[in-house]
Structures are given as C-alpha cells and as structure tokens.
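Since the structure comes first, as structure tokens, the remarks are kept for the end.
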Amino acid sequence: MNLHGRPETGKDRKMLPPESWGVKCMSMGFLMEEDAPAVWRGPMVMSALDSFMTKVSWAPLDVLVIDMPPGTGDAQISIGQRLTLSGAVIVSTPQDVALIDARRGANMFRKIKVPLLGIVENMSHYQCPACGHREHIFGHEGALRTAETMKMDVLGQVPLQLAIRETSDAGTPIVAHQPDSPAAQAYQHISSLIYEKLQQTPTQLQPPLLGHASGVIV
C-alpha cells in the first residue's frame, strides 16, 4: 500500500490509521524501526492486538479484514474468542505442506464458532505472458480438493504473476493498475463473493468498536 511512518494521533488520543486507495491500514511495521525484529511472546502479541482494536480510530468501516500468519496460535484463537467475527477466509497455495496448515486453521475456526466463508487458492498457476501456457508450479487444485473434503466453498484462484508482485511493491493494487487483467479479475471475483456472503450473514463486530462493520479474519 506504500504506507510508511508512525500514525498520527487524533483528539481522542487514538491512532489514525494511514489510508491508501480508500483502505485504512494498521500494522506493527508502522510502530517499529524498518529492520527491527518483533521478538514478542504471547502476552505481548495479545496486548498489541488489543491496542489495534481499541486504540485505533477505525470507524466508519464497511469491513475490517484481519490478516493473520499461518497456524493456530494464541493470536488467532484470541481474536476469534474476543471478537464476534463475521467469518474467516482460508488462503493457501496448492501444495500439500501448505494445505496441512490450511486444514488445521479451518478446523480451529470451526471449533471456536467462527463461520468459514471459504478458501482461496493463492499462486494457483503460472501463465506465460508470451505464449499463454499454464504451469502448475505448486501443484494442481490442491485447495479445491481440500475445500471439497472439508465442505468449504472455493472463493477463487489467484495466479502467480510478476505484475502482482510489481504493483504490490509499488503500492498500486493490480485491480487499479490493470483492472482488466486475469489477476485483477480474480481478486474482484473473490472480494465480490466474500461481500455477498457477508450480506447473507450480517454479523456485526462485537464489541461494537468499529461502527457497523463486519469482521473477517484471513
């Protein structure tokens, strides 16, 4: 998103989340030196997450998206238990070793009663820009088979493309820079499906810290 620097503070002494392309963002990277490691144990991580929920001036929002690392650690469990989330989106590459974590994550969210909105297959395939040939570098349709086994919806498949990396590094989303490209269309399709699902089950975040927003963990 090409956002840098420490967030400013509003009159209510809450942090004002930096904004780019109409999206408000907050990251630990804004609060640390560029190359400083985040060597934190569980309680420190939870304190930071609590600060992001209660000490950031988010509202008004349509949807709050919480991007979590792979796994089933304290952070994922605590977020799912402390906030009444509208749903979880599982993101995985197609290879078996990644899908192990995806299945564990899906089962964890089911156990703590967070609805599963579906699974996204990232880096689904590489398509040669010169000839159009597709190569399934990380395996073929592994996330789709997992979705069928675990009775989850498939939200979409995102290709492995140089343009995604280049536009992301430049802070320009590919949906804005190349809106008609296959990659942009894949992102638009996924976001549309997620939004439709949120309209069907419009659970609002509890506690109501963010106005009338839905919460999605990814």
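We use all heavy atoms of the structure for the numbers below, so side chains are in, but hydrogens, waters and symmetry mates are not. What you are looking at is a predicted structure, and each value in this text was computed from that prediction instead of being measured.
Residues M28 and F52 meet the side-chain proximity criterion, which asks for heavy atoms closer than 4.5 Å. The shortest side-chain heavy-atom distance between R110 and M152 falls under the 4.5 Å cut-off. Side chains of S192 and Y195 form no contact here, defined as non-hydrogen atoms less than 4.5 Å apart. Side chains of R104 and D101 form a contact here, defined as non-hydrogen atoms less than 4.5 Å apart. Annotation: side chain of P159 is not in contact with side chain of Q127 (no heavy-atom distance under 4.5 Å). The side-chain heavy atoms of L155 and K197, taken from C-beta on, include a pair separated by under 4.5 Å. L198 places none of its side-chain heavy atoms less than 4.5 Å from the side chain of D62. For the pair L31/M15, a side-chain contact is recorded, criterion being any heavy-atom separation below 4.5 Å from C-beta on.
A single hydrophobic cluster is not seen to contain both L160 and V175; linkage of ILVMFWY side chains at heavy-atom distances under 4.5 Å, directly or through other members, places them apart. Residues M53 and V114 are members of one and the same hydrophobic cluster, defined by side-chain heavy-atom contacts under 4.5 angstrom among Ile, Leu, Val, Met, Phe, Trp and Tyr. If you chain together hydrophobic residues whose side chains sit under 4.5 Å apart, I137 and V120 never meet in one group. In this structure, V91 is not a member of the same hydrophobic cluster as M123, with clusters built from ILVMFWY side-chain heavy atoms closer than 4.5 Å. Clustering ILVMFWY residues whenever any of their side-chain heavy atoms sit less than 4.5 angstrom apart, transitively, puts V65 in the very cluster that holds V158.
The two residues K24 and S57 come nearest to each other via the heavy atoms NZ-O, 4.5 Å. Nearest heavy atoms, V154 versus L193: O-CD1, 4.3 Å. The nearest pair of heavy atoms linking G10 to L16 is N-CG, 3.8 Å.
Other residues, nucleotides and ligands place no more than 12 heavy atoms under 6.0 Å from the CD atom of E148. More than 12 heavy-atom neighbours from other residues, nucleotides or ligands sit within 6.0 angstrom of CG on D50.
Note on residues 77-97: no pairs pass ring pair (Phe, Tyr, Trp, His ring centres under 6.0 Å), not counting sequence neighbours. Residue pairs meeting the ring pair (Phe, Tyr, Trp, His ring centres under 6.0 Å) criterion with at least one partner in residues 138-188, sequence neighbours excluded, are H136-H140.
No donor-acceptor distance shorter than 3.5 angstrom exists from the side chain of S92 to the backbone of A102, with no hydrogens or angles considered. Although no hydrogens or angles enter the test, the distance criterion places a donor-acceptor pair under 3.5 Å between the side chain of W21 and the main chain of G171. Although no hydrogens or angles enter the test, the distance criterion places a donor-acceptor pair under 3.5 Å between the side chain of E121 and the main chain of A143. Using modelled atom types, no side-chain atom of E141 and backbone atom of P94 make a donor-acceptor pair closer than 3.5 Å.
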Next item on the list: Would you sort out whether M150 and N107 count as a side-chain contact (heavy atoms from CB on, under 4.5 Å), showing the intermediate values?
Entry: CA-CA 9 Å; M150 301 195 69; N107 286 327; 3.2 Å; yes
